[in-house]
Each structure stands twice: as structure tokens, then as C-alpha cells.
Amino acid sequence: MCVTAVESRPAGVLGTSSSRGQRPFGARLKAFVALTKPRIIELLLITTVPVMFLAQQGVPDLKLVLLTCLGGYLSAGGANALNMYIDRDIDALMERTSQRPLVTGMVSPRECLAFGITLAVVSTLLFGLAVNWLSAWLSLGALLFYVVVYTMILKRRTSQNIVWGGIAGCLPVLIGWSSVTNSMSWAPVILFLVMFFWTPPHYWPLSMKVREDYARVGVPMLPVVASNKVVARQIVLYSWVMVAVSLLLTPLGYTGWFYTAVALGAGGFWLWEAHGLQNRAKAEVTGAKLKEMRLFHWSITYVSILFVAVAVDPFLR
């Protein structure tokens, strides 16, 4: 998925397979949990649950929320594990991924593949049998899009990888809505688009920070193939569209004054940060003074604030 967590560790080499007896159970358990990238999934659930409140126009059934969260975790976890299986060669060469379980040898490639496929099957069945089949197919679609379209096709071939690959990370919004209504509406589509335009300006600042990692393994993230000026300009363009789209919910009647105020405030601060980054890039500031990670960290806060407003707004109308 396209929502990211920063890791910074010394680069290593692909771990050699060791016997299970040499790998303590507790460490192995932590390694399998790490395969699911739980810090990333936290943000995916932040975009799922509030949409359920919006769809219900109040408090959704708690059991349904728990089942949706469990299914979403298993699905996203399976996608992340399969992503690590496919990317294990470059993960061993990148500093921020050099301690992932496949690189250290704590989990073998075969175990990772089986684990990812199992989570994919279990999550799809859980959604279909306990929630509804529309949510199940959306969940499976997100997993396949991330693994096949982004990881296998786009990531190593185009600088637009994160733009289109990020669609997988937008689908939890649709899943949250469909789990409550078993249907679609313009509200989740608008929030899907918010996340679509959010993903590149969220990820590109991180890519600017670790561009040498991506360059070393030949992954053409935009900051690898373009100057800071070009990347910052793209960040500003996507940011303006994202903020504009986020304000469409209210005129269409899905939200009220509270969401609008939060979207304006949070979006305004985002644009301030985006333009600040662009100004520093234009001035050819480099290194720590570029402060690209300020926007990255704010992007995570922005999503949290915006979707909390989505959940709270129905109670204030």
C-alpha cells in the first residue's frame, strides 16, 4: 500500500536461510507481523472506519466495524507480504529496507509467499461471508492491484509508478462505505479521489529524502529522474487538486459546516507546506535545509484529521 512508514537502518545483504531451531519463536512471530507492515495498515484503517460513520450517518454496528477492520488488516497484510516477496532483491540493497524479515533470513521466501497467499484467501472469504461480497471483491481488487499492477508492472518501469499504483491505497475508502451499504455512492468516490491525489505528494517527499536508495536499485521514482524543482511543482499541483476535491462533499450534501471548516484549515496548512517546499526547491536548497520530510509527516496528520472530521460531522448536522 501507498501510505508509508520511514525506516533508517544500515544496508545489508540478503539473509541466508537458517534452520527453524536457530530462529527463536518470538523473533519469528515478530517477523511475520512485520511482513504485514502494521504501521502502514493503521493509516489504511483510518480512512476506512470514518467512512463507515459517514455511510451510516451515525455509529455503525460495532461487530461490522471489527469484521471490516480485521478483513482489511488481513488483506493489506497479505498484499504487503507479497510485495516483500517480490521486492526482496532490491530490499537487500536499500538502506531503509535492509532489516526486513526476508533480507535478514528470519522468514524464508517460500514462507513469505505462502503467508501472503493465505492472508489474501482468508481476508476475501471473511469479507464475503461476514460482511458482503462487494466489499470482498473490492478488497481482493486492492490486493491484486498493489501486488500485480504496482509492484510487478509499474514500480520498476515508470516514474508515474506511485501515481497509478496508489489506487490500491485508495480502495479502503470504498470498502468502508460498501461494508455498511453494500452499494456505492458519490461520497466514497470523492474521498477515493482525495486519497488518489494525496498519495503522490505524500510519497514524493519521502522519495526525495531516500532518492539514493531508489537510484541504487534502479527504481525510477520521480525524484530519481527529475530535479527537486520539477518534483516540488508536481507536489504543489497535486496538492491543490486534492484540497479542491476534498471540499466537494459539502455542496453535494454529504457533510456540513464542521467537515468544511476542518478541510479548509487542514488543506490550507498543507498548501502552505507544499509551497514552502517548492520555494526552497526553486532556491536550490539541498540537504537537511530542504525540509522535505515536513510535508511527509504533515501528510499523515492531514489524513488523520480529515477523516476524523468525516466521522464526527454526521453528529453535528
Side-chain angles (χ1 to χ4, degrees), residues 1-14 34 37 39-40 42-43 83-84 87 89-100 103-104 150-151 154-166 169 197-243 266-305:
M1 300 302 179
C2 298
V3 182
T4 50
V6 181
E7 301 177 48
S8 180
R9 304 181 177 94
V13 294
L14 193 63
K37 301 182 185 178
R39 290 176 62 191
I40 294 175
E42 287 176 11
L43 281 171
N83 167 267
M84 287 196 197
D87 279 350
D89 58 334
I90 61 175
D91 281 349
L93 302 174
M94 295 177 64
E95 182 179 344
R96 74 186 191 91
T97 58
S98 63
Q99 295 301 306
R100 285 180 173 175
V103 180
T104 62
Y150 172 66
T151 306
L154 296 177
K155 184 174 181 177
R156 307 192 194 195
R157 289 181 172 86
T158 172
S159 62
Q160 295 298 299
N161 46 22
I162 204 67
V163 175
W164 301 107
F197 290 110
W198 170 88
T199 302
H202 157 73
Y203 199 83
W204 282 334
L206 174 62
S207 301
M208 294 168 79
K209 177 74 172 180
V210 298
R211 64 155 51 90
E212 291 183 5
D213 255 1
Y214 284 119
R216 185 183 307 119
V217 297
V219 175
M221 291 293 177
L222 184 61
V224 173
V225 301
S227 67
N228 285 344
K229 292 181 183 179
V230 172
V231 177
R233 182 168 65 248
Q234 290 295 309
I235 286 174
V236 167
L237 289 174
Y238 275 90
S239 297
W240 273 99
V241 176
M242 177 198 72
V243 173
F269 189 77
W270 176 298
L271 293 175
W272 174 271
E273 287 290 344
H275 279 279
L277 177 59
Q278 184 183 38
N279 291 336
R280 292 189 292 275
K282 284 181 177 179
E284 299 185 353
V285 174
T286 58
K289 292 183 179 180
L290 184 60
K291 300 177 182 179
E292 69 277 4
M293 293 299 285
R294 281 178 50 171
L295 182 58
F296 172 79
H297 291 301
W298 169 248
S299 69
I300 298 172
T301 303
Y302 170 84
V303 163
S304 303
I305 291 174

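Only heavy atoms go into these numbers, but all of them, side chains included; no hydrogens, no water, no symmetry mates.
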Identify the two heavy atoms, one from Glu95 and one from Arg216, that lie closest to each other, and give their separation to 0.1 Å. N-NH1, 4.1 Å
For the atom pair CE (Met242) and CG (Leu237), what is the distance rounded to the nearest 0.5 Å? 12.5 Å
Heavy-atom closest pair, residues Pro220 and Arg157: CG-C, 3.9 Å
Do the side chains of Trp240 and His275 get nearer than 4.5 Å, heavy atoms only? yes
State, to 0.1 Å, how close Pro205 and Met293 come at their nearest heavy-atom pair, and which atoms those are. O-SD, 4.2 Å
Going by an N to O cut-off under 4.0 Å, is there a salt bridge joining Asp91 and Arg96? no
Return the CD1 to NZ distance between Ile90 and Lys155, rounded to the nearest 0.5 Å. 4.5 Å
Once you round to the nearest 0.5 Å, how far does CZ of Phe296 lie from OG1 of Thr301? 10.0 Å
Taking it one step at a time, do Trp164 and Thr158 satisfy side chain to side chain contact (heavy atoms under 4.5 Å, CB included)? CA-CA 10 Å; Trp164 301 107; Thr158 172; over 6 Å; no
Start with the C-alpha gap between Asp213 and Thr97, add the side-chain angles, then the distance that decides, and say whether side chain to side chain contact (heavy atoms under 4.5 Å, CB included) holds. CA-CA 10 Å; Asp213 255 1; Thr97 58; 5.9 Å; no
Stepwise side chain to side chain contact (heavy atoms under 4.5 Å, CB included) check, Leu154 with Gln160: CA-CA 8 Å; Leu154 296 177; Gln160 295 298 299; over 6 Å; no
Side chain to side chain contact (heavy atoms under 4.5 Å, CB included) between Glu284 and Lys229, worked out: CA-CA 8 Å; Glu284 299 185 353; Lys229 292 181 183 179; 3.5 Å; yes
Nearest 0.5 Å please: distance from the CD1 atom of Ile300 over to the CD1 atom of Ile305. 12.0 Å
Separation between OH of Tyr150 and CD1 of Ile162, rounded to the nearest 0.5 Å: 4.0 Å
Under a 4.0 Å N-O cut-off, is there an ion pair linking Glu292 with Arg280? no
Examine the side chains of Arg233 and Asn228 and answer whether a donor and an acceptor come within less than 3.5 Å of each other. no
Rounded to the nearest 0.5 Å, how far does NZ of Lys282 lie from CG of Leu277? 11.5 Å
Taking the six-membered ring for Trp, are the ring centroids of Trp198 and Tyr302 within less than 6.0 Å of each other? no
Exercise: identify the closest heavy-atom pair between Thr199 and Gly166: CG2-CA, 4.0 Å
In terms of heavy-atom contacts, Val219 and Val224 come closest through O-CG2, 3.8 Å
Ser239 side-chain N/O to Ile235 backbone N/O, donor-acceptor pair under 3.5 Å: yes
Polar contact flag, side-chain donor to acceptor under 3.5 angstrom, Lys37-Asn83: yes
Between Tyr238 and Pro201 the two heavy atoms that sit nearest each other are CB-CD, 3.8 Å
Taking atom types as modelled and ignoring hydrogens, do the side chains of His202 and Trp298 form a donor-acceptor contact shorter than 3.5 angstrom? no
